[in-house]
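Okay, so here's the structure we're looking at.
We're numbering straight along the sequence, starting at 1.
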Amino acid sequence: MRIARFSIDGNVAFGAVEGDKPDELVLDIIKGIPFADFELSGTKVPLSKVRLLPPVLPNKVVAFGRNYAEHAKELGNEVPDAPFAFFKPSTSVIGPGDDIQYPSFSSELHHEAELAVVIGRMCREVPRERVKDVILGYTCANDVTARDVQKREKQWARAKGFDNSCPLGPWVETGLDLTAIAEGITIQCTVNGQQRQLGRTSEMIHSIEDLIVNITEAMTLLPGDVILTGTPAGVGPLNVGDEVAVTIEGIGTLTNKVIKRG
């Protein structure tokens, strides 16, 4: 199931996305929220008539860096022995079609296409064999990074946590499983239609199980929290006016435009 969060006529709701052709997709409005038992209402609205929002509003975004060897290599970094976590605040999250505002304190903005894991229930100290039980589904993410600030400062709070630096969407796909991801699904990033990144999740150094076991040893994850799983090689610059799209096999495409910060 593809679960979208959207607004229509000033109201916000979740809906199940139905259909295959992009211009014929409809939303069956969900009674309740996707983090508990819910029913489909049978009330359907065309996707073209709504505004898609970030598919979740996470309490926290836990991101893992240098989880693809070729990406670590392209930036001159060593591959960490253990998962390497950092955070993006909830204020960094935007949805499909929302603008990425170029931060005034940076002159080197980069895209980083990533598979995002959406947590479905409160959990901590999750054993490996139970990881699948705490996952609601998966979505596309762009870990937008002020690369010059990341290089200059000793920690990444400003470089990766600024407003609009975490586009998510277009929806949460619940049909993917950990086996398919381990075997490899494609992650692609284009800028103005030109391919920049192309990788497969089978290239991850640390698996999704590794990442969730690692972070839940330290903290509780809440429903709607998001795990970013790292980016493949090919990261590069974004400029004002660029349109950046992250496409993940089996999920869809997340598209955002870069604008000058007002």
Side-chain angles (χ1 to χ4, degrees), residues 2-15 17 22-23 25 27 34 45-63 87-106 109-118 136-147 149 157-173 187-193 196-197 224-228 231 235-248 251-262:
R2 294 168 290 177
I3 300 175
R5 181 171 163 269
F6 64 95
S7 67
I8 183 170
D9 299 329
N11 298 309
V12 175
F14 289 95
V17 182
D23 57 347
L25 297 179
L27 289 160
V45 293
L47 190 69
S48 59
K49 300 295 185 182
V50 309
R51 178 191 171 201
L52 286 179
L53 303 173
V56 289
L57 290 178
N59 174 272
K60 54 187 170 292
V61 177
V62 183
F87 295 93
K88 295 173 82 82
S90 59
T91 48
S92 68
V93 173
I94 58 174
D98 291 340
D99 293 328
I100 300 167
Q101 297 183 22
Y102 203 115
S104 58
F105 57 87
S106 173
L109 200 64
H110 278 198
H111 56 80
E112 294 192 7
E114 308 206 6
L115 174 69
V117 183
V118 179
L136 174 67
Y138 304 87
T139 192
C140 305
N142 192 344
D143 176 20
V144 183
T145 301
R147 191 71 69 199
V149 178
R158 297 203 317 148
K160 287 179 172 284
F162 59 90
D163 291 353
N164 319 125
S165 66
C166 190
L168 297 174
W171 39 65
V172 177
E173 173 57 67
I187 300 177
Q188 179 179 231
C189 179
T190 63
V191 177
N192 301 325
R196 293 277 190 86
Q197 293 180 267
D225 280 351
V226 170
I227 308 292
L228 302 189
T231 193
V235 300
L238 292 172
N239 298 298
V240 171
D242 284 347
E243 184 177 84
V244 55
V246 176
T247 301
I248 300 182
I251 300 177
T253 298
L254 166 69
T255 303
N256 301 91
K257 189 173 182 179
V258 183
I259 65 169
K260 184 177 180 180
R261 188 171 183 174

Those residues at least two apart in sequence (or on a different chain) that pass salt bridge (Lys or Arg N to Asp or Glu O under 4.0 Å) with Lys160 are Glu112, Asp143
Sorted by chain and number, sequence neighbours left out, salt bridge (Lys or Arg N to Asp or Glu O under 4.0 Å) with Asp242 holds for none
Exam field: side chain [X] to backbone [Y], donor-acceptor pair closer than 3.5 Å:
X	Y	result
Arg5	Pro54	yes
Asp225	Lys60	yes
Asn192	Glu243	yes
Asp99	Arg261	no
Arg147	Pro237	no
Thr139	Trp171	yes
Tyr102	Leu109	yes

Shortest non-hydrogen contact from [X] to [Y]?
X	Y	value
His110	Val235	ND1-CG2, 4.1 Å
Gly95	Asn256	O-ND2, 2.9 Å
Ile251	Cys140	CG2-SG, 3.9 Å
Pro96	Leu52	CG-CB, 3.6 Å
Pro170	Ala4	O-CB, 4.5 Å
Pro55	Val172	CB-CG2, 3.7 Å

request  = Please determine if Asp98 and Arg51 form a salt bridge, counting it only when a charged side-chain N lies under 4.0 Å from a carboxylate O.
outcome  = yes
What is the distance from atom [atom1] of [X] to atom [atom2] of [Y], rounded to the nearest 0.5 Å?
X	Y	atom1	atom2	value
Leu238	His111	CG	NE2	5.5 Å
Asn164	Ile94	CG	CD1	5.0 Å
Asn142	Thr231	CG	OG1	8.0 Å
Ile3	Leu136	CD1	CG	5.0 Å
Lys88	Leu168	NZ	CG	9.5 Å
Cys166	Glu114	SG	CD	8.5 Å

Problem set entry | Heavy-atom side-chain proximity of Thr190 to Val244 below 4.5 angstrom | no
Tell me, with the steps shown, if Val62 and Phe87 meet side chain to side chain contact (heavy atoms under 4.5 Å, CB included). CA-CA 5 Å; Val62 183; Phe87 295 93; 3.7 Å; yes
Sorted by chain and number, sequence neighbours left out, side-chain hydrogen bond (donor to acceptor under 3.5 Å, both in side chains) with Thr253 holds for Thr247
